[in-house]
Every structure is written in C-alpha cells, then in structure tokens.
Amino acid sequence: MGEALNGLKRSYYGGELRENHIGETVTLMGWVQKRRNLGSLIFVDLRDKSGICQIVFDTAVSEEAFEKANSIRNEYVIAITGKVTKRESVNNNLPSGQIEVFADSLKILCESDVPPIHIDDNDEANERTRLKYRYLDLRKPKMQNYLFTRHKIASAARRFFDAEGFVDIETPMLTKPTPEGARDYLVPSRVNLNKFYALPQSPQLFKQLLMVSGFDRYYQITKCFRDEDLRADRQPEFTQIDVEMSFVDEDDVRAINENLLKYIFKEVANYDVQTPLLKLPYSEAMDRFGSDKPDIRFGFELKQMNHLFVGTEFKVFSDTLASNGDIRGININGYSDRFSRKDITKLEEFIKSYGAKGLAWIKFTNGEMQSSINKFLDDSQVEAIKALFEVGDNDMILIVADKPAVVYDSLGALRCEIAKQLNILDPKDYKFLWVTDFPLFEYDEEENRYVAKHHPFTSPKDEDVDKLESDPGSCRAKAYDIVLNGYEIGGGSIRIHNSTVQERMFKALGFTEEEAREKFGFFIDAFKYGAPPHGGIAYGLDRVVMLVTGTDNIRDVIAFPKTQDAKCLLTNAPSVAEQKQLDELYLKLTPVEKSNA
RNA sequence: GGUCCAGUAGUUCAGUUGGUUAGAACGCUAGCCUGUCACGCUAGAGGUCGACGGUUCGAGUCCGUUCUGGAUCGCCA
C-alpha cells in the first residue's frame, strides 16, 4: 500500500539539481533506481525523466524513517524532502554528481514487485519480454530518449508548417476501402450490415480534396494502416507527416521540404543540412546504385560490363547476353584483403536470396590478379575491366549476371551489406537526396497489367501525357522520393488535377469506366468543379526518428509496437471477439484448423 | 507463402561424445557494514531445459511435429 501525497508538491526534477541548488530544501519524486545500504548509511539513486539524483539517509533521521528507507526496493515510487548538499565524494559519471540530497522525510507512494527486466540501458532482455512489459522497458533512459526525440521532431515539423501557413486538418480513420495498393484493415459497420470501412493507408484522397476546397496548404501528422508483412523498419500502423500544397510544381514542393528538413535536423540533431539537395533521376539511381533509395555515404557503384563480354566463352555470361540480361559489377576498392574465399562464398549466399544465381569475383592484390572466372578472361578484357573500374591495388570486383531487375536488386543490396560488414557507415553522417522522374507505371506480372508505381493520382510528366495509351511503360511521373542513408523517408508527387487525364489514367490501369466510377466517382467529380494544380509529400515519421536516434529497429521509436505477426504482446491484441459483438455485426466465423485462440 | 537464427533460473548466458544431484554472472531473500555509486562480506532460495511425440538402459543434448520471438525474400500503389 502506498502513502498519499497529502498535498506534498514536487519542487524539482532530481536529475536537474546542480551545485547552484546547494543549501535549498527540495522535494523530489520518482522511482528507486538502486538502494545501497552501508549499515547506518543508506544511499538511494532516485530516477525521474530528468535522470538520477543520489539521496542519503543517515542516523540524523528518525529511527522510523531510517527503517522505512531500508525497506525500499528497486522501482518503488517515493517522495523525499531534504537538503541539497555538496557531496563528500563526487560522481563524475552523473550530471548531478556534484550534489546529493540529505533526506529528512520519506514517503513510499507505491511499492513494486521485483521487475522482470532491469531498468537500465545496458539491459539485454529478450525483446519478447521487453514488449510484454513495455511500460517497464520505456522507463529506460535510452527508450525515453527515443520518444523525446520523436516528440521533438514532430513538434519541430508543426512549428515549421505553422510558420509557413499550413493548416492541420484531420481526415477520417473510417474510410473507403481502396482497391489499389496495400491490403486494407477492414472495419465492419454495425448500422450498415455487410458493409465495411477501411482504415486509411494514407489520407491521400482527402488531402487532395482539401486542395479542391481551397485550403491551399495542408499538413497532418497521422496514423496510417497497411495489412502487409512486417520488417525491422515496417509496422502495420505507422505515422505519416502528410503534406499537400496548391499552385505548385515539383520544384516548389522540393524547395519547401528541403527547408523543413533543414529546420528539423538543426533543431533536433544540431546538424546542418546542405541545400539544395542532390537530385538523382530514378534511372540514374538504378544504374549507379541498383536501388531507388541509394545510400550515397559510400561508393561501390554499379558498372555495366555487357560490352566487355561480347563473344565470351563463359556460358553464364554469354547466356545472359543472349537473353537481353545484364552483367554488372561493383568495385570494393581498397578492401580486397578483407574478404577471404569463405567470405566471398557468404556474399554469394547473400545475393542468392535476391534471386541471383552466382557471384563472379576478381581480386587485385599486390599487383596480382585472382579470379573465379580467370580462364575466361584475356589480357585485353582485364585491361578494360581495370579501366572501367579505375582499379587500384587491393581492389575487388564482384559481378552478377542475370535479368536486369535481379542484377539491380542483388548488387544494390550487396554494396550496402559490404559497407555494413566493413563498418564504414557513420550513422551521424546524413546524406539526403531526391530521387526523381520515377516511371509512372510498373508492369505487374501476376495481374498481367500495368499498376501505378506511386499511386493512380500521380501526374505524368507533361511530355509523356500523350503516351498514356500508346506506351505506358515509358511514361515518367512527376514523382519524387526523399532518401536518407538508404532509407526512403518520404515520397510524393504532383497530382493529376484534370479529370480527363485522371480518367485516362484509370483506363491505362485497366479499370473499366464503371469500376472507376464505383471506386473513385466522388473523386473524379470533385475535379470537375475547379481543382488547383497541387502536389505534396508524405514522410514516414518513424523512419525519420530511427535515423536521427541511430537505431535500426522501428519498434524502438514506437511506444507500443507490434511484433512481426502484428501482435501486441502487452495487450494480447488481436483477440477473439465475443459472440455478442459478432452477432450484432451479423458476422460468422469460418472455423480454421490452426486456432490462434 | 519461402529461407535462416534463437528459445536452459526473474534476466543474460555456459552446458564436452547422450551418462551421477543442470552451472555462472547479475538480480532476489536474510544477516553484517558510515561515503557508496557495478558498494563490500557471509549465508540462502530459485529450473516442467518453450510444448508434444519418438529413438535409447539413459535425452537439455539425437530425430519429428508444433508454439513463440527475431532477420530476410516475396509483399509493402
């Protein structure tokens, strides 16, 4: 049982006390980090959100108070009143280590069971345990710092947008299922039997309608939901900084967002973002880095080698060329000695997960060349390769031959994997860039049709509008992604604001007129009543926080995250619904063999 | 849907070729201790080795199934 406050007021956060407070009588409240009992002297490390402050109980207090101090344990919630004193022995590891508080009185506000995890940044408890007791895990200073940083980023963004005349407008959480894109989370409607809302994958349509309504500049920091498989950087519900502007083109949107990033990174990380940011067309990003979200903190760029192997005896390469495939390599320049044959075999295993069938290699060490394809290389080829990759000593060329998509995927991932293994990535080195000029469509092999690469409301480049019907594959979009250190932290586009072009777009995507009407009729209609040219962007807030805090786990920056199975280990959601609820919704469950109950 | 990794005390881990009573550190409990801050010293408690099944005289260890968590490919307009 805990004692009541009875009007007692906290006068300071303990971690904020310094030498200038010496002599003051203070009241502190917080959690017991640690008690050290030396017999007739007890030290207590008191923790609150500001940090740690050492409290001392000695024989000057009443015997009763001393006994009480002796009874406290880790994670008890206590309030103490006492005098700030210069320490006899200082602790330079503690910001408040010059002082301590000699306690006169102690209230135990709440006792605590022995916690299942240690409240300490160095605690290495299994994530399962941490998530089950998330409220304890979040007591760790490191975890608190993640969420404080998250708050600072969101808060800086709001200040920036407010100053620039953007309006924060909420859009519905219960909305219309969207046929394109990710799987929706569906919500049954009780008063409209057999009908469903979907949770928004993004406020896309609503923010565009707000532009039609004339709000001119909109932003919202809001949850979005996608029922897809999770990853270390992907959660089923995540937070988007959503932005839309009227009467703008691509450069206008990019310019204001560069200022936003400059402001946030200065405020939160004291980092100066150099603007204007690098702009890389999609085709160049793929060509040089094999990725549309390249990490440009290091080189190892891809080079096409097809012309060097025309007429080669090496069957893998000749077959690749015969089937319009691609042969590309990367030069791991200066690190050849860091990779044994065994290491290269592991790299080969790595790229196989991306569909590549093998990895050819050429090492140049101490003036000598070793290679897995030695017998297929003549002197002129070797010279050409040296020239192409500007080979110096201690270089290693890694080569993949396959369908272009496989070559891009595997080598793009490989250069990042190798940089990671070499430990040459500085997380505090923020390398931003825009990737621009995305293809408008990509071909979906399964559905046998073109699908929108970004979304169906993305405007084609002006010069490509005429190719919507004749050559959709070559249409480029007024779309841009903002990329930071290999992560896509945001993406956006100029939207279609012309209902005729919008209808042509739906047609190109294979929608019949009826389908387009049924799904997006309200949207097409809206654009018949005067829609301004508009465009915007959306950031993944969680990813931005990850990059600023330097964690590679998105769950670290979300207070109550889900597991890979989209479960919440704390609340045990999702769970079985009560029959009464199902009956009200006229929902009937299909028995499944594997019960998750 | 596929591939890979992990699961042993509250926590993190060790556990040899299958062999006696499954160990360590931290944490916890009790006692002692006036300058600790990774306090120290003494004593002690604490285990369904994720679960089920199999092989064996004998299984933490081998085999199968399954559950849980993680990484990743597909997927994520």
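Bear in mind that the values here come from a model prediction, so they are computed numbers and not experimental data.
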Taking [M] as the reference, what is the distance to [N] when you measure between their [atom1] atoms (whole Å, please)?
N: B:rC67; M: B:rA51; atom1: P; value: 15 Å
N: B:rC32; M: B:rU68; atom1: P; value: 49 Å
N: B:rA59; M: B:rU20; atom1: C1'; value: 15 Å
N: B:rU8; M: B:rA14; atom1: C1'; value: 10 Å
N: B:rA22; M: B:rG15; atom1: C1'; value: 8 Å
N: B:rG64; M: B:rC5; atom1: P; value: 13 Å
N: B:rA45; M: B:rG10; atom1: C1'; value: 13 Å
N: B:rC62; M: B:rG19; atom1: P; value: 11 Å

Is there a donor on the side chain of [X] or the base of [N] sitting less than 3.5 Å from an acceptor on the other?
X: A:R231; N: B:rG74; result: yes
X: A:D565; N: B:rG69; result: no
X: A:R234; N: B:rC76; result: yes

Indicate, with a heavy-atom threshold strictly under 4.0 Å, whether [X] touches base, sugar-phosphate, or nothing.
X: A:P456; result: base
X: A:R35; result: nothing
X: A:S202; result: base

Can you find a side chain N or O atom of [X] that sits less than 4.0 Å from OP1 or OP2 on [N]?
X: A:R73; N: B:rU29; result: yes
X: A:K567; N: B:rG69; result: yes
X: A:R543; N: B:rC76; result: no

Mind calculating the distance between [atom1] ([X]) and [atom2] ([N]) to the nearest angstrom?
X: A:K346; N: B:rU72; atom1: NZ; atom2: P; result: 19 Å
X: A:L136; N: B:rG27; atom1: CG; atom2: P; result: 18 Å
X: A:D444; N: B:rG74; atom1: CG; atom2: C1'; result: 12 Å
X: A:Q240; N: B:rC76; atom1: CD; atom2: P; result: 16 Å
X: A:D542; N: B:rC76; atom1: CG; atom2: C1'; result: 14 Å
X: A:D113; N: B:rU29; atom1: CG; atom2: P; result: 11 Å
X: A:L569; N: B:rG70; atom1: CG; atom2: C1'; result: 12 Å
X: A:L230; N: B:rG70; atom1: CG; atom2: P; result: 9 Å

A:M286 and A:D292: CA distance, side-chain angles, deciding distance, side chain to side chain contact (heavy atoms under 4.5 Å, CB included) verdict: CA-CA 6 Å; A:M286 295 305 287; A:D292 60 1; 4.2 Å; yes

Partner set under side chain to side chain donor-acceptor pair (under 3.5 Å) for A:S283, not counting sequence neighbours: none

Pairing partner of B:rU65 (Watson-Crick or G-U wobble, both distances under 3.5 Å): B:rA51

Paired nucleotide for B:rG40 [Watson-Crick or G-U wobble; both distances under 3.5 Å]: B:rC32

Which residue lies more 5' along RNA chain B, comparing A:N553 with A:V451 via nearest heavy atoms: A:N553

Give every donor-acceptor pair under 3.5 Å between a side-chain atom in residues 52-61 of chain A and any protein atom, sequence neighbours left out.
from  : atom 1 : to     : atom 2 : distance (Å)
A:Q54 : OE1    : A:R36  : NH2    : 3.0
A:Q54 : NE2    : A:E100 : OE1    : 3.0
A:D58 : OD1    : A:A60  : N      : 2.9

Of the listed nucleotides B:rG74, B:rG69, B:rG27, the one nearest the side chain of A:D409: B:rG74

For A:K453, salt bridge (charged side-chain N to carboxylate O under 4.0 Å, His left out) partners two or more places apart: A:E442

Partner set under salt bridge (charged side-chain N to carboxylate O under 4.0 Å, His left out) for A:K34, not counting sequence neighbours: none

Donor-acceptor pairs are to be reported for all side-chain atoms of residues 485-494 of chain A against protein atoms at under 3.5 Å, with residues two or more places apart or in another chain.
from   : atom 1 : to     : atom 2 : distance (Å)
A:N485 : OD1    : A:K431 : N      : 2.9
A:N485 : ND2    : A:D429 : O      : 2.9
A:S493 : OG     : A:R495 : NH1    : 2.6

Short side-chain donor-acceptor distance under 3.5 Å, A:Y218 and A:D242: yes

Plane angle bin for A:Y443 and A:Y450 - parallel if under 30°, tilted between 30 and 60°, otherwise perpendicular: perpendicular

Validation row: A:I351, A:L411 side chains within 4.5 angstrom (heavy atoms): no

Base versus backbone protein contacts along nucleotides 32-48 of chain B [heavy-atom cut-off under 4.0 Å; B, S, -]: -BBBBB-B---------

